[in-house]
Amino acid sequence: MGCYFPDRVTPTNPPTQAPDKDEVLRVYKEMLRIRRFEEQASRAYTQGKISGFLHLYIGQEAIAVSTADLMKDGDRVVTTYRDHGFALALGCEPDRCMAELFGKKDGLVGGVGGSMHFFDKDKGLWGGYAIVGGHIPVAAGHAFASKYLKDDAVTLCFLGEGAMHIGATHEGMHLAGLWKLPVVFVIENNQYAMGTPLSRQTLVDDLTVRAPAYRMTSDRWEVNDIFETRRRLAEAVERARKDHQPSLIELLTYRFRGHSMSDPAKYRTRDEVDVWKEKDPLHRAELSLRNDHGMSDDDIESVDDTIVEEMEAAVAFADASPQPEPEHRFRHHLFEDQ
Amino acid sequence: MGCYFPDRVTPTNPPTQAPDKDEVLRVYKEMLRIRRFEEQASRAYTQGKISGFLHLYIGQEAIAVSTADLMKDGDRVVTTYRDHGFALALGCEPDRCMAELFGKKDGLVGGVGGSMHFFDKDKGLWGGYAIVGGHIPVAAGHAFASKYLKDDAVTLCFLGEGAMHIGATHEGMHLAGLWKLPVVFVIENNQYAMGTPLSRQTLVDDLTVRAPAYRMTSDRWEVNDIFETRRRLAEAVERARKDHQPSLIELLTYRFRGHSMSDPAKYRTRDEVDVWKEKDPLHRAELSLRNDHGMSDDDIESVDDTIVEEMEAAVAFADASPQPEPEHRFRHHLFEDQ
Amino acid sequence: MPTLQIREALRDAIDEEMARDDRVFVMGEEVGHYNGAYKVTQGLLDKYGEQRVVDTPIAEAGFAGVGVGAAMAGLRPIIEFMTFNFSAVAFDQILNNAAKLRHLSGGQFTLPIVFRGPNAAAHMLSSTHSQAFESFYCGFPGVKVVSVATPYDAKGLLKTAVRDENPIIFFESEVQYGLKGEVPDGEYLIPIGEADIKRPGDDVTVITWGQGVAISLEAATMAADKGIQCEVIDLRSLRPWDTAAVLASVRKTNRVVLAYHGWPYGGTGAEVADFIAREAFDHLDAPIERVCYEDINFSYAENLENLAIPTPEKILAYIERVAYHNI
Amino acid sequence: MPTLQIREALRDAIDEEMARDDRVFVMGEEVGHYNGAYKVTQGLLDKYGEQRVVDTPIAEAGFAGVGVGAAMAGLRPIIEFMTFNFSAVAFDQILNNAAKLRHLSGGQFTLPIVFRGPNAAAHMLSSTHSQAFESFYCGFPGVKVVSVATPYDAKGLLKTAVRDENPIIFFESEVQYGLKGEVPDGEYLIPIGEADIKRPGDDVTVITWGQGVAISLEAATMAADKGIQCEVIDLRSLRPWDTAAVLASVRKTNRVVLAYHGWPYGGTGAEVADFIAREAFDHLDAPIERVCYEDINFSYAENLENLAIPTPEKILAYIERVAYHNI
Ligand SMILES: Cc1ncc(C[n+]2csc(CCOP(=O)(O)OP(=O)(O)O)c2C)c(N)n1
Ligand SMILES: Cc1ncc(C[n+]2csc(CCOP(=O)(O)OP(=O)(O)O)c2C)c(N)n1
Ligand SMILES: [Mg+2]
Ligand SMILES: [Mg+2]
């Protein structure tokens with residue numbers, strides 16, 4: 001069973017001040033943009049416009065959005081194949097992201113990577129990786145370079161809870177801890193690795209139990225309130241930047257869709273999903289806008305309409321974008337292949 | 001610096017009864033047999049009779065000897081390339097062990113493996129492995145089979161502290177913990193991985209800090225008194241056999257020679273070595289025989305002489321043994337290659 | 001004869017072998033409760049229980065090694081890699097443990113273990129998920145390598161593999177699990193090491209395996225329309241491979257095209273070509289041609305992927321080239 | 001010209017490149033305080049400090065991946081594998097990260113990284129420590145593969161490799177680190193992809209690399225006594241390899257023997273042989289022969305190992321075979 005352990009969650013320290021309406025609205029829009037993008041992608045997939053694997057970020061948006069708010073120039077995000085949310089949060093154009101999903105010329109990486117491999121170096125997106133755990137040493141390497149070059153940059157590396165049990169993750173985290181690298185490892189514990197609930201992946205309920213072995217600072221909470229998430233992530237980012245002290249963070253979250261489009265997610269109950277729907281940070285932000293900031297149905301709807309339009313435009317852009325030129329397939333294998 | 005942390009060592013519970021003279025003498029002889037064997041091997045290596053890598057067990061003998069005392073029929077030892085001590089303790093003939101080091105026909109595995117790959121299934125020696133960490137999943141697999149076949153056997157898997165940081169070790173231990181396999185993982189922390197002291201391998205001083213992540217029971221002590229070692233190992237073996245509860249044990253020990261014959265061990269001080277010489281279980285057993293059990297220099301010497309003779313005979317046997325037949329190289333790659 | 005998908009034929013093979021020998025078990029990611037990422041193991045958990053259908057965390061080196069250790073201790077593991085792309089993290093366990101332990105132990109241990117799963121490019125999965133592993137796993141002693149392309153071969157060879165006393169690398173294909181074909185009722189075994197002539201012919205020998213088989217047969221049909229009769233040989237076993245069947249055909253046709261899913265450098269393609277060039281030196285009327293992947297990392301974009309892989313048209317072009325070479 | 005050991009030539013190359021570009025650093029097991037398991041990096045820690053000469057725990061996948069990540073971020077890592085046998089646990093990092101990230105990112109990242117260390121059999125190390133990795137690392141796009149056999153080539157090619165913008169697999173040899181040869185003072189570079197004719201001759205082309213070079217030259221001397229003039233070509237680069245130099249020689253001699261340390265199935269040996277058989281089809285007067293490892297796991301016993309590896313005598317036998325083939 002996908003399990004969640006309130007008792008093991010570290011309590012938060014209270015916010016210094018409550019966010020004002022503009023701020024709530026801004027993050028709400030950012031989260032909603034990701035969700036609507038994913039919904040468009042989902043539709044396009046069922047229409048056969050997107051192929052291969054498509055892993056949606058629906059339910060986890062608050063993590064990418066709060067992360068983006070914390071990033072300074074030069075900071076990096078390294079993540080898994082579940083990477084659309086980070087791309088949008090970091091400012092990549094929905095048009096180019098959707099075009100990548102469509103395998104088109106105007107895609108984020110020219111159509112060569114697809115859903116699992118979004119890269120936008122200038123925006124701080126150092127990549128979506130598709131071999132579970134394989135990106136952990138790479139992220140440690142980015143942080144190694146930051147320390148070597150003294151560029152004050154922080155690398156934020158995201159992984160699923162399922163990636164905690166593979167060797168590369170252990171080795172990468174061990175080296176990051178040993179060498180005190182400026183990196184923050186964030187486990188997005190969405191309770192499942194494909195169809196496998198956490199309880200069949202490990203007997204421990206708290207994945208940060210490994211932090212001491214790596215001499216990392218740890219923190220762990222459930223992602224309901226995006227502002228709490230941002231505040232606590234910020235502490236880890238500063239630890240990395242100022243003290244070169246790496247962190248291991250476990251975020252309890254949930255994906256509302258299947259692992260990928262091909263997964264009907266039969267392995268979980270309606271009730272379980274409903275429990276998490278209540279916790280959904282996007283839903284909570286909407287409630288706050290309604291209850292604390294007096295936004296009406298119409299207000300919310302018009303926000304939504306604009307965003308839906310933006311994402312439909314992205315689909316139109318992707319549709320219209322041409323396929324990559326045939327010769328494009330010979331580029332970038334070696335540096336010489338221009 | 002090769003570091004040792006008395007503060008972190010779990011205190012022992014007192015022995016139920018002190019061992020009598022025969023028992024002390026028996027384990028003393030067993031440990032001494034290993035040391036004398038290694039000394040002969042060392043000499044033969046310098047004479048060019050042994051080639052390749054030769055990793056000596058001098059200083060760690062008490063671990064193999066106490067392990068052998070605990071093993072029941074069907075139990076297994078899986079270890080590293082530093083495997084001579086286990087072979088002798090488990091009852092493999094010094095003749096065949098030495099012949100293996102000489103690459104001769106009468107070697108334990110017919111000369112194909114050499115020093116790093118002693119195997120004697122019937123004696124419970126399930127092998128010496130030479131890829132660091134690679135044997136941890138294999139040992140877990142033996143334990144998996146025991147649980148599957150309900151044969152009540154326990155697998156004792158030994159590894160150096162240097163093997164704790166590699167992926168295969170993490171994966172193998174994780175699966176053993178998750179599936180509650182009847183296995184005991186014993187870290188022989190001899191303070192160095194080749195020339196690298198523990199302090200440059202990890203920032204933690206206690207390697208059992210990882211046991212909770214694997215839901216294993218842990219224990220940790222310094223190997224001075226072979227009887228304490230046997231008593232505490234026995235608890236882990238019984239946990240595995242009776243409750244299928246795996247353990248992670250860290251033994252603080254020391255190798256008095258270099259990593260292998262090609263290592264002059266310049267990286268450590270005379271003083272450090274002397275400190276450990278005082279702790280040497282073989283030395284302590286000898287003191288006990290002299291002080292508690294009234295053995296004289298002559299008594300000790302005659303014991304030694306017999307053992308030295310046995311090991312010199314092993315060298316003579318290995319010298320006399322022929323090389324493997326040329327056709328032997330085509331055997332055992334596939335089952336059909338008889 | 002009943003018609004089955006390759007997926008079903010593989011499942012029946014596993015099911016029959018598990019029923020026959022309770023030392024046989026299946027282990028891998030999502031093989032149990034999820035019924036298999038590609039549904040090859042569907043229903044087996046319900047039938048055999050968690051002890052014999054073992055879901056694992058994501059730890060290929062770990063469970064590949066557990067399989068090796070279990071085989072040494074008397075079990076007969078079937079280890080599923082969700083795809084062989086993920087076996088790269090378990091490479092050491094296969095290369096240094098599975099393939100070597102019998103020899104290293106002087107024959108004290110036997111390693112009856114099957115590593116199976118889909119291999120080579122599927123469709124639009126980009127570079128890390130589109131790789132053919134023949135050139136890696138055929139390159140060292142101590143293992144046997146099999147690659148199946150029809151339901152009949154899939155069932156017969158997997159049953160043989162499970163009974164074999166050696167480590168077997170067993171290649172399937174994601175895009176061919178649904179491919180249908182006749183499978184006789186009742187038990188049959190296909191020996192490892194025997195090629196199968198999927199289509200007889202006298203003019204050109206087309207040597208293929210795995211995903212190459214279907215497109216080679218298509219190409220052969222197109223060639224027939226042009227008056228060229230191809231003999232299409234499905235190697236089925238890549239290590240060891242059927243040198244006799246290949247030589248017999250080449251001595252007859254004197255012309256050879258190899259068509260397969262895999263990168264050009266080395267591997268089975270080069271090995272077979274080099275062998276023929278040496279052993280049939282005086283029988284070749286044309287250079288041996290190889291139709292395989294372009295030597296590039298795969299792209300997600302459909303048009304780019306389609307250009308990189310062998311097609312019936314490409315194979316036909318080379319068939320014509322070798323056939324008309326001396327005219 | 002000063003005479004250096006290969007070990008010293010490699011060290012000079014690393015030293016010069018580190019002095020020249022402070023983004024270059026060395027990482028691996030025992031490279032620093034221990035001065036290198038085979039002393040290639042001797043003295044570099046004292047000279048450049050712990051930041052640029054980095055000792056690692058035993059975690060090849062970890063530090064290979066750290067190297068990849070550091071290269072993406074602007075550094076130029078030289079990753080030492082104590083031997084390439086231990087790179088098997090890092091295979092995924094090389095195959096799926098180093099070789100693919102430039103392409104996957106649409107060219108956003110550059111991966112100037114060198115993976116170096118001893119390759120192939122040394123002496124009496126048994127099967128897990130005696131493997132040649134060419135067939136694994138040459139088999140996929142996105143990397144270059146180099147193999148050196150003389151101090152001159154070692155220095156010139158390693159300097160080029162460090163300056164190259166791509167992942168380079170750089171093969172050395174444990175048993176040849178002490179091999180001496182002349183190395184000019186002052187800087188020189190050897191381009192990757194250029195073979196070197198180590199001995200000119202008109203009768204038989206002997207293609208070799210790595211540990212094969214010295215024994216091939218011995219065999220060529222023995223052949224000369226029998227009146228057969230061999231042209232010994234050291235490929236030096238295995239991916240890409242010098243097709244032009246090879247074809248030119250083969251068109252002259254019409255006879256080819258490949259001699260190298262490595263298993264027979266596939267790999268560079270089969271790739272080169274297949275290429276020649278196709279591109280020089282009408283120029284060959286004899287089948288191409290390959291002298292390499294027996295297709296077995298290596299044994300520790302000296303006599304068994306010596307029987308499994310190529311020797312000057314074995315190479316000579318094949319030189320004679322191809323030379324007299326048509327007489
Ligand atoms: C080494 C490896 N093994 C298996 C896979 C197949 N696979 C892709 S995603 C996935 C599940 C990952 O779950 P988790 O880490 O929790 O991330 P999530 O998908 O939940 O975000 C698996 C098994 C892979 N990509 N790499
Ligand atoms: C994967 C791998 N990397 C490197 C080596 C080379 N090597 C052999 S033993 C060793 C040190 C191991 O130290 P430790 O685990 O502490 O065991 P000890 O030798 O001290 O008993 C190394 C680096 C190896 N055999 N395997
Ligand atoms: Mg998950
Ligand atoms: Mg040690």
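Just so it is clear, the structure is predicted and the values come from calculations on it, not from any experiment. Chain A is the first sequence line, chain B the second, and so forth, proteins listed ahead of strands; every chain is numbered from 1.
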Under 4.5 Å from a heavy atom of chain B, the part of C/Phe63 involved: both
Distance, nearest 0.5 Å, that separates CG of B/Asp337 from CG of C/Asn166: 8.0 Å
Smallest separation among heavy atoms of B/Gly134 and C/Gln93, with atom names: O-NE2, 3.0 Å
Residue B/Leu108 versus chain C: region with a heavy atom under 4.5 Å: backbone
Residue part contacting chain C, namely of B/Arg76, when any heavy atom lies under 4.5 Å: side chain
Closest contact, heavy atoms only, C/Glu60 versus B/Glu171: N-OE1, 3.7 Å
Sub-4.5 Å side-chain heavy-atom contact between B/Trp126 and C/Leu101: no
Greater than 12 external heavy atoms within 6.0 Å of C/Lys39's NZ: yes
Residue C/Leu104 versus chain B: region with a heavy atom under 4.5 Å: both
Gap separating the CD atom of C/Glu50 from the CH2 atom of B/Trp179, nearest 0.5 angstrom: 11.5 Å
Atom of B/His332, atom of C/Gly106 and distance for their closest heavy-atom approach: NE2-O, 3.3 Å
Straight-line distance of C/Met27 CE to B/Leu175 CG, nearest 0.5 Å: 7.5 Å
Minimum-distance pair of heavy atoms, taken over all atoms of B/Ala145 and C/Ala73: CB-CB, 3.4 Å
Under 4.5 Å from any heavy atom of chain B - which part of C/Gln108: both
Heavy-atom closest pair, residues C/Gln51 and B/Lys147: NE2-O, 4.0 Å
Leading residue by heavy atom contact count with chain B [cutoff under 4.5 Å; candidates C/Ala61, C/Pro141, C/Ala90, C/Gly67]: C/Ala61
Interatomic distance, C/Leu75 atom CG to B/Leu149 atom CG [nearest 0.5 angstrom]: 4.5 Å
Considering all heavy atoms, the nearest B/Leu334-C/Arg102 contact: O-NE, 3.9 Å
Proximity breakdown for B/Tyr129 and chain C, heavy-atom pairs closer than 4.5 Å: side chain
Pick from C/Pro112, C/Pro167, C/Ser105, C/Gly74 with the largest number of heavy-atom pairs that fall under 4.5 Å of chain B: C/Ser105
Contact class of C/Val143 relative to chain B, heavy atoms under 4.5 angstrom: backbone
C/His103 and B/His333 aromatic ring geometry - parallel, tilted or perpendicular at 30°/60° bounds: parallel
side-chain hydrogen bond (donor to acceptor under 3.5 Å, both in side chains) evaluation trace for C/Arg52 with B/Tyr148: CA-CA 8 Å; C/Arg52 298 184 63 194; B/Tyr148 189 105; 3.2 Å; yes
Segment of C/Asp164 engaging chain B (4.5 angstrom heavy-atom cut-off): side chain
Closest-packed option against chain B by number of heavy-atom pairs under 4.5 Å, given C/Val68, C/Asp92, C/Val89: C/Asp92
Residue part contacting chain C, namely of B/His174, when any heavy atom lies under 4.5 Å: side chain
